[in-house]
Amino acid sequence: MEYTQLGRTGLKVSRLVLGTMNFGPQTDEATSHAIMDAALDAGLNFFDTANVYGWAENKGRTESIIGSWFAKGDGRRDRTVLATKVYGNMGPDGEAWPNHDKLSALNIRRAVEASLKRLGTDYIDVYQFHHIDRSTPFEEIWQAVDVLIQQGKVLYAGSSNFPGYKIAQANETAARRGSVGLVSEQCLYNLYERRAEMEVIPAAQEYGLGVIPWSPLHGGLLGGVLKKETEGKRRTEGRAAATLADPTVRAQFQAYEDLLDKHGLEPGETALAWLLTRPGVTGPIVGPRTPEQLTSALRALEVELSEELLASLDEIFPGPGPSPEAFAW
């Protein structure tokens with residue numbers, strides 16, 4: 001396993017991040033535990049979750065599954081860098097109750113205590129804001145986070161789905177307070193969806209945030225979806241089907257799969273390996289539903305992409321270019 005430091009911090013994390021969103025809704029507790037054990041055995045030490053995972057009437061279920069895994073002991077918690085998130089409404093009985101969502105000092109305090117209880121731990125390594133809160137000033141957010149850091153309940157703060165200007169605003173406010181500020185940004189980023197390269201990733205690099213891409217396979221589209229469709233192994237539906245309904249887009253993915261077939265490479269592993277070559281990226285989030293999917297993701301660490309192949313991938317999925325040149329001169 002390869003390790004890197006998370007942004008400008010001294011925290012060492014694996015170059016793949018174990019995403020747990022499927023634990024509960026799609027993967028039962030026993031299998032979830034087996035996946036986490038396999039991840040640790042492989043040296044993957046960075047686990048990502050959120051208080052809302054479990055969804056619908058089972059919000060918090062995923063954190064509880066991780067908590068029951070920690071309870072097995074054998075150094076599981078000590079060996080894990082744990083990241084969770086706050087923002088979504090966690091009102092009682094699934095109701096959208098006031099002050100049970102977003103980033104007010106009240107909700108941050110309430111949410112962190114609830115997450116700690118479900119996770120069965122007394123601290124969270126990286127506490128992430130799941131979305132921007134347009135109603136709460138960063139002065140209030142940092143006041144709440146600073147208290148949690150002083151109490152030892154949170155070690156670092158990160159963001160998720162923030163635009164570049166909010167990353168700047170958050171960390172400029174933190175600097176004025178003498179606070180550490182954001183140390184990571186979790187954003188949608190993959191070969192097909194590269195808009196983060198315009199503003200988000202440059203802002204993260206400027207302020208020393210590690211970039212943690214989510215949906216690295218873009219909902220499975222970069223995992224060889226067309227070949228699986230042809231072989232009858234997968235039926236494309238939902239957002240993936242809508243995306244592939246565009247003939248131009250479908251041709252892009254066909255060219256991608258044909259290129260990798262020519263080089264004897266697996267599409268999903270290549271998509272992850274590509275992200276590992278990108279400036280500023282700490283590691284992409286992989287969200288296996290089965291131990292076999294985790295094994296496949298881990299193979300991405302062994303994939304080496306030549307400059308020629310990287311150039312060919314850029315031709316198929318060109319990035320937007322840097323800002324402001326992408327939209328100005």
Novice: Among side-chain atoms of Ser115 and Asn51, is any donor-acceptor pair under 3.5 angstrom?
Specialist: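 There is no such pair (donor and acceptor under 3.5 Å, judged by atom type) between the side chains of Ser115 and Asn51.
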
Novice: In this structure, would Val303 and Leu259 fall into the same cluster of hydrophobic residues linked by side-chain contacts under 4.5 Å?
Specialist: yes

Novice: Could you walk me through whether Glu29 and Ser68 pass side-chain hydrogen bond (donor to acceptor under 3.5 Å, both in side chains), step by step?
Specialist: CA-CA 9 Å; Glu29 184 166 335; Ser68 63; 2.8 Å; yes

Novice: Do NZ/NE/NH1/NH2 and the carboxylate oxygens of Arg77 and Asp122 come within less than 4.0 Å?
Specialist: no

Novice: Does the gap between the ring centers of Trp69 and Phe47 come in under 6.0 Å?
Specialist: yes

Novice: Just by modelled atom types, is the Ala297 backbone N or O under 3.5 Å from a matching donor or acceptor in the Glu269 side chain?
Specialist: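 Between the backbone of Ala297 and the side chain of Glu269 there is no qualifying donor-acceptor contact (under 3.5 Å).
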
Novice: Identify which one of His218, Arg194, Glu197 satisfies the side-chain hydrogen bond (donor to acceptor under 3.5 Å, both in side chains) criterion when paired with Tyr189.
Specialist: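 With Tyr189 as partner, side-chain hydrogen bond (donor to acceptor under 3.5 Å, both in side chains) holds for just one option, Glu197.
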
Novice: Could you tell me whether Glu63 and Lys117 have a side-chain N and a carboxylate O separated by less than 4.0 Å?
Specialist: no

Novice: Report whether Leu11 and Leu209 are members of the same hydrophobic cluster (ILVMFWY, side-chain heavy atoms less than 4.5 Å apart, transitive linking).
Specialist: no

Novice: Looking just at side-chain N and O atoms, do Gln128 and Tyr87 make a donor-acceptor pair shorter than 3.5 Å?
Specialist: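 No donor-acceptor contact under 3.5 Å links the two side chains.
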
Novice: Using links of under 4.5 Å between side-chain heavy atoms of ILVMFWY residues, direct or through other members, which residues join Tyr53 in one cluster?
Specialist: Met21, Val52, Trp55, Met90

Novice: Examine the side chains of Ser104 and Asn107 and answer whether a donor and an acceptor come within less than 3.5 Å of each other.
Specialist: no

Novice: Atom CZ of Arg278 and atom CG of Leu191: how far apart are they, to the nearest 0.5 Å?
Specialist: 8.5 Å

Novice: Distance from Leu275 atom CG to Asn190 atom CG, nearest 0.5 Å?
Specialist: 7.0 Å

Novice: With a 4.0 Å cut-off on N to O distance, would you call Glu199 and Lys166 a salt bridge?
Specialist: no

Novice: Taking a hydrophobic cluster as the set of Ile, Leu, Val, Met, Phe, Trp and Tyr residues connected by side-chain heavy atoms closer than 4.5 Å, whether directly or through intermediates, do Ile132 and Trp142 fall within one such cluster?
Specialist: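 Yes, Ile132 connects to Trp142 through the hydrophobic network.
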
